[in-house]
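By convention in this document, chain letters (A, B, ...) are assigned in the order of the sequence lines, proteins followed by strands, and residues within each chain are numbered from 1.
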2 protein chains.
Amino acid sequence: MGKRVTIQDLAKELDTTPSTISRALHDHPGISKTMTKKVKELAKKRNYRVNSVASSLRAGKSKTIGVIVPMINRDFFANVISGIEDVAFQNGFNVIICQSDNKVEKEIQHINTLISSGVAGVLVSLGFDTTDYAPFNKISQLGIPLIFFDRAPEHEKSIKIVNNDKAGAYKAVKHLIEMGYQRIAHLCGPSNLPLYKERKEGYLDALRDAGLPVEERLIITHNLTREAGYNITKKLMKYKNPPDAIFSASDYSALGALLYLKEERIKVPEEVGIVGFSNEGFTKLTGPELSTVDQHGKEIGKYSAKVFFEEMASDVFIPRTIILDPKLIVRRSSLRNQKLSD
Amino acid sequence: MGKRVTIQDLAKELDTTPSTISRALHDHPGISKTMTKKVKELAKKRNYRVNSVASSLRAGKSKTIGVIVPMINRDFFANVISGIEDVAFQNGFNVIICQSDNKVEKEIQHINTLISSGVAGVLVSLGFDTTDYAPFNKISQLGIPLIFFDRAPEHEKSIKIVNNDKAGAYKAVKHLIEMGYQRIAHLCGPSNLPLYKERKEGYLDALRDAGLPVEERLIITHNLTREAGYNITKKLMKYKNPPDAIFSASDYSALGALLYLKEERIKVPEEVGIVGFSNEGFTKLTGPELSTVDQHGKEIGKYSAKVFFEEMASDVFIPRTIILDPKLIVRRSSLRNQKLSD
DNA sequence: TAAGCCAATACAAACGTTTGCAGGAAATAG
DNA sequence: CTATTTCCTGCAAACGTTTGTATTGGCTTA
């Protein structure tokens, strides 16, 4: 259980002072070459490591980024975090992760501990039910860069990095229409979150542009789980005029839909087409593979981290929204016309 | 850009001293009820939050756990991290995540920054190539609890939480044999990592116990990727006496195998059976679904975190290995006898 | 040779919290 | 009314680093 080596130990050993050691280690020009060299050698020899808690206290902030996501064990978020960590590492920063479980109280608690621990910045993807952004304002009020990704507040003046959900949804539904589907259902998420609202709008626009009627009974709000997808599809397929395609705001519920249809021997894509959203890892592995909309999570993570570093460097705050264009990925579940071999 | 409110601000406002404030906030018995109440009210009113950087410096360590994994965006690790975060949160701790990309240098660098940032403990799953554990010893030498999970060093005196890989592999191969497969190939991982070594041993034991011959040409070491699985299977199937089953140490390469076989119209499980390892999320979604061995990642994460807190509480270090029993999950890819409907 | 200057290093304060110890007032005992 | 105890609060140091300012010694210059 060796004691940690401090700058003071080095100073004593070289018969000098902590300030000289500190400056030498930072290549301060006011320190002679010889001294700098001596210090660095001793530091290596004694295996000295800065106590960054101390420097953080001195500096008023630490080299740490806080990340708050609903849950870590989701392909998309795991990718985002991975991307964030990559960029943070390159810049010598650490990443603290917090999962909110979509619970507002947890978000608030995480915000508090992150502020407490002096993070240099916070990257957030909001939970389902978050409608009050005041807790987040505290972060910005303290001058800590705050960046939203994916699930961002709608009207707030803030920095957001989001997918163009509307465009993504539009592409998906347009594609279904082109494949000849006529009664396209939409499993949508809670509309207090802009991204779900936008996906719905993209869906509606695509229908309208194609001159197709909008049927309210085919638009169902749900919690984006596989189970919900399964149950809703069961309900939908019992309508007198059941849908012939499903566009879901989530791959998970799209998967639920697929599983129900397979169970009922309703052929996908021949009888019912499906397009999901997010390009979760499993979508290219289902039978048939799920068409979906790719959000390139890792890129969003990297991008968000980069924006954070930009923000930290500059001292003027400019609210802005960066919109990345998602990509429609067409797989078997929506390819009605072509016959792909099994 | 409001200034942070400190304990001193509160002291000034109540015309008392920082020490009293600190004690009051911690419900120190030596402080009167009335004072304690006054302090807490003011603290809430002024929105006071401890500066945990300062307390960490004072205490010599922070309420933070460091986690090092090869990569975050893998189902298993994402689950482990999620489990760790859950338990950490309950105990008021934060989690710093670091990905090593299976690179030794990155591991070392992460170790250094974690020590620098004064983490209270470190949880690690080793990278492929890590054979020198000296950098990790530094952690324990500083009295910081160090816990390995999943990929742990073999002989070191340390705390490890691992799956019983041998038993898992044994179950998997035994199952294949019971299904009537005779020439079972094994795609194994680098054997410097005990868990892959053990999986291989389980495989060998199962063969021997069943009186089946061990064929070296059917045992292939690879890097556990889908691509490798694909290519190796291609090679294997071109043998004069190709295998009739594949047991892979990784779901990813099992998937690669499956994809190759599908491409070649070789029927799974009728002609070739497959069992993977890890129960990655996608395995229940392939066509046919992949049999696999479940490692319950979230549980391992929770367990590891709990062990860390135990370790922090106690002051005697007892090296020990906690072995969790993995579970064979039989799905279609290895069910040769029964006919399941599609 | 003294004044001035530069380079190199030392001094000291600060970041915010925690905590052992000291001290003062009130309360109880004698 | 004094002595002792009890209860509460204040004082001051410490954690390790960083940085503005002071200080030292050696050197140049007039």
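- Following rounding to the nearest Å, A/His26 (NE2) and D/dG16 (P) show an atom-to-atom distance of 17 Å.
- Using a 4.0 Å cut-off, some side-chain N or O of B/Thr17 falls inside it from OP1 or OP2 of D/dG10.
- Within the structure, a side-chain polar atom (N or O) of B/Tyr48 is placed less than 4.0 Å from OP1 or OP2 of C/dT17.
- As judged by a 4.0 angstrom heavy-atom cut-off over every strand, B/Ser19 is placed among the base-contacting residues.
- The minimum heavy-atom distance linking A/Leu126 with A/Phe148 is given by the pair CD2-CE2, 3.8 Å.
- For residues 96-120 of chain B, the salt bridge (charged side-chain N to carboxylate O under 4.0 Å, His left out) pairs, not counting sequence neighbours, are B/Asp101-B/Lys106.
- Separating the NZ atom of B/Lys33 from the P atom of D/dC8 is a distance of 8 Å, rounded to the nearest angstrom.
- In this entry the distance linking CG of A/Asn51 with C1' of D/dG16 reads 6 Å, nearest Å.
- Residues A/Ala120 and A/Phe308 share a closest heavy-atom pair of O-CE1, 3.4 Å.
- With distances taken from any side-chain atom of A/Arg23 to the nucleotides D/dG20, D/dG16, C/dT17, the minimum falls on D/dG20.
- Nearest nucleotide to the B/Ser32 side chain, out of C/dA8, D/dT9, D/dG16: D/dT9.
- Applying the 4.0 Å criterion to OP1 and OP2 of D/dG16, one finds that A/Ser22 has every side-chain N and O outside that range.
- Among the heavy atoms of the strands lying under 4.0 Å from B/Gly30 is at least one base atom, whether or not backbone atoms are also near.
- Residue-to-nucleotide proximity on DNA chain D shows that, of B/Ala59 and B/His28, the 5′-proximal contact is made by B/His28.
- Residue B/Asp9 is classed as having no contact, given no heavy-atom separation below 4.0 Å to the nucleic acid.
- Going from atom NZ of A/Lys61 over to atom C1' of D/dT17 covers 16 Å, rounded to whole Å.
- In summary, A/Glu311 and A/Lys306 do not engage in a salt bridge, as defined by a charged side-chain N under 4.0 Å from a carboxylate O.
- In this entry the distance linking CD1 of B/Ile21 with P of C/dG16 reads 15 Å, nearest Å.
- Here B/Ser56 lies out of heavy-atom contact (under 4.0 Å) with every strand.
- Rounded to a whole Å, the CG atom of A/Leu10 is 12 Å from the C1' atom of D/dT17.
- Between D/dG10 and B/Thr20, a contact under 4.0 Å exists linking OP1 or OP2 to a side-chain N or O.
- If you take CE of A/Met35 and P of C/dA10, they are 6 Å apart, rounded to a whole angstrom.
- Between the side chains of A/Arg151 and A/Asn102, at least one donor-acceptor pair of N or O atoms lies under 3.5 Å.
- A/Leu25 has its CG atom 13 Å from the P atom of D/dT19, to the nearest Å.
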